[in-house]
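Everything on this sheet refers to the single structure shown next.
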Amino acid sequence: MKAAWVNSIGLISNVVLIISVIVLILEIRQNQTSMLAQSSYERTRMAIANEHLNLSGANEIRRRIGQNEVISDEDVAVLKARDSQLMRYFENLHYLNSIGVLDPEIWEANVRGIELFCRNQKEFPSYPAISKEGEFRFRSSFISFWKGTCGLE
């Protein structure tokens with residue numbers, strides 16, 4: 001009788017443990033889905049902000065710099081705001097890629113964008129996307145990636 005009681009308790013414990021593991025797996029999957037939805041929302045929000053800055057004249061200012069035209073302090077402020085927003089966007093994507101929640105195709109497309117941004121920074125060093133003083137605002141892993149990709153090390 002006592003052995004049957006111990007076996008029953010052991011069986012109940014094992015069933016509770018299995019149910020707990022199943023619930024944990026379901027919660028992890030739900031959290032992962034939520035993280036993916038949140039990261040997609042953030043990417044979209046940042047892309048809209050980037051496009052807003054482009055529409056407010058940043059692309060035209062970049063073109064004028066390429067033609068060695070003099071630009072105003074207001075133009076520099078618009079360009080730096082756009083560059084700062086883009087760098088934050090790239091940093092976010094770099095982080096999402098590093099933790100494995102970003103589609104590889106999205107990452108590859110943005111690596112090409114980062115390489116284009118690097119070329120712009122090399123062509124116009126007086127308007128750097130990340131200055132030495134500004135590096136502290138970004139994750140160190142992103143700064144290392146940025147410098148390696150841009151050949152700035």
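- Between Ile18 and the options Val16, Ile22, Val15, a side chain to side chain contact (heavy atoms under 4.5 Å, CB included) holds for only Ile22.
- For Arg64 against Val70, the heavy-atom pair with the smallest separation is NH2-O, 4.0 Å.
- Using a 4.5 Å heavy-atom threshold, the side chains of Cys118 and Trp146 count as touching.
- Rounding to the nearest 0.5 Å gives a distance of 7.5 Å between OG of Ser141 and CD of Glu91.
- The structure places CZ of Phe142 at 12.0 Å from CG of Asn97, a figure rounded to the nearest 0.5 Å.
- Interatomic distance, Asn110 CG to Leu86 CG, rounded to the nearest 0.5 Å: 10.0 Å.
- Evaluation of the side-chain hydrogen bond (donor to acceptor under 3.5 Å, both in side chains) rule for Arg63 yields Glu60, Gln67 as partners, not counting sequence neighbours.
- Linking Ile, Leu, Val, Met, Phe, Trp and Tyr whenever their side-chain heavy atoms come within less than 4.5 Å leaves Leu116 and Tyr89 in two separate clusters.
- Trp107 places a side-chain heavy atom less than 4.5 Å from the side chain of Ile114.
- No donor-acceptor distance shorter than 3.5 angstrom exists from the side chain of Asn92 to the backbone of Arg88, with no hydrogens or angles considered.
- Contact between Asp75 and Ile61 at its shortest, heavy atoms only, is O-CD1, 3.5 Å.
- Hydrophobic clustering (ILVMFWY, side-chain heavy atoms < 4.5 Å, transitive): Phe145 and Ile99 are in one cluster.
- No single ILVMFWY cluster, assembled from side-chain heavy atoms under 4.5 Å apart, contains both Val21 and Leu11.
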